[in-house]
Amino acid sequence: MFCTRKVNDDYTWVGADGRRLAMFEGVYDVPRGISFNSYLLMDGKTVLFDTADVSVCRSFLENVAHGLGGRALDYLVVQHMEPDHAADIRDLLARHPETTVVCSAAARNMLAQFFGPGYEGRVSVVKEGDTLCTGRHTLHFVAAPMVHWPEVLMTYDETDKLLLTADAFGTFGALNGALFADEVNFHRDYLDEARRYYTNIVGKYGTQVQAVLKKAAGLDIQMLLPLHGFVWRQDLGYILGKYDLWSRYEPEQRGVVIAYASVYGGTENAANILACRLREQGVQVEMFDTSVTPASYILAAAFRFSHVVLAAPTYNGGVFVTMENLLHDLTAHGLKGRRAAYIENGSWAPTSARGMQKLLEPLNWETAADTVTLRSALRQGQQEDLERMAAQLAESVKA
Ligand code: FEO
């Protein structure tokens with residue numbers, strides 16, 4: 001049986017939703033599932049853009065067969081070789097010995113790495129600026145290295161004015177029957193997961209995303225077709241604007257993320273009091289317990305907001321393990337331009353603020369408030385320390 005949707009007269013979505021994947025890429029929980037998009041162009045020649053994840057192989061192959069309706073598959077354009085899109089290439093090519101694979105030189109090498117030799121004679125290598133005419137449609141290939149791997153190509157269809165964007169403009173979350181972003185309340189229901197997807201998957205490569213956005217600005221684009229999530233056919237400026245902010249590491253809003261680790265509640269109590277004092281001054285606050293919330297959510301919030309407060313106990317002479325993990329993640333993703341404040345705790349030798357600052361050194365974040373040091377728990381008079389921190393943060397947020 002098949003489950004497909006028409007994108008327009010000539011393009012059909014032949015991908016699949018996955019809801020049984022516990023951890024995408026082995027790292028990111030996807031409680032609302034994820035879609036693996038693939039698109040089929042039916043023209044004088046037939047073209048499939050990418051395959052899908054191994055977990056949805058059967059549905060994907062059935063969808064392709066239905067979309068082709070008995071026609072040969074002339075081309076498979078491989079825009080991205082990561083296995084969430086490329087795992088089904090071997091099965092597809094076994095069913096379609098007539099198909100030529102169109103991809104970048106780097107993707108050709110990865111094809112051999114993943115699937116071994118035997119495909120060389122079926123590959124046509126293309127590069128930035130090359131075109132493929134399929135009849136009515138002319139496809140232009142656009143290099144998009146490191147969005148999200150080095151081999152990535154995007155494809156611009158100058159006939160229908162649509163851009164197939166590989167991983168860019170994707171989101172976590174299954175499609176649930178919708179295909180277009182305008183069929184759901186994207187801002188309310190999907191923006192957080194789109195941000196978490198972007199920041200964790202591509203967030204490190206802001207410079208490369210900016211380069212692609214500049215190329216896109218020179219094209220007349222009516223639709224964006226990503227490999228995860230929804231097709232954009234309305235209000236493209238909304239998602240392009242988000243990508244512009246995220247890739248420049250500019251916050252979407254002024255406000256404070258408080259991420260805390262707490263073994264016995266002393267640090268948590270201080271974090272809660274700080275949140276109250278900030279709210280009283282009209283500052284937007286979002287809070288996370290690093291022992292409960294996976295780092296991917298906190299990283300996404302740190303991209304969203306302008307300020308970050310980190311509160312953690314000293315542990316084995318360093319920083320408590322769940323906070324240390326978060327800080328490594330923040331550093332690995334190269335999040336620039338945030339202002340930070342620190343709350344440290346230690347029952348005999350509190351040093352975690354220095355430890356947190358050292359871990360974050362590569363990011364060059366400015367400090368926005370005086371550090372608050374706890375010894376086990378908040379002592380008499382330390383409410384004022386938190387009030388001062390809140391006042392300094394509020395001033396900085398509103399500056
Ligand atoms: Fe959706 Fe980089 O793969």
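Ligands are counted one by one from 1 in listed order, and the atoms in each one are counted from 1 as well.
Annotation: angle subtended at atom 2 (Fe) of ligand 1 by His148 ND1 and Glu82 OE1 is 90°, to 10°. Rounded to the nearest 10 degrees, the angle OD1 (Asp167) to atom 1 (Fe) of ligand 1 to OD2 (Asp84) equals 170°.
Counting only distance, with no hydrogens or angles, the side chain of Tyr197 and the backbone of Ala168 share no donor-acceptor pair below 3.5 Å. For Tyr243 (side chain) and Leu213 (main-chain N/O), no donor-acceptor pair under 3.5 Å exists by modelled atom type.
Within the 2.8 Å limit, His80 places at least one N, O or S atom next to atom 2 (Fe) of ligand 1. For His228, the nearest N, O or S atom to atom 1 (Fe) of ligand 1 falls under 2.8 Å.
For the pair Val209 and Tyr198, the minimum side-chain heavy-atom distance is below 4.5 Å.
For the side-chain contact (heavy atoms from CB on, under 4.5 Å) test with Arg122, the passing option among Thr99, Thr100, Leu111 is Thr99; the others fail.
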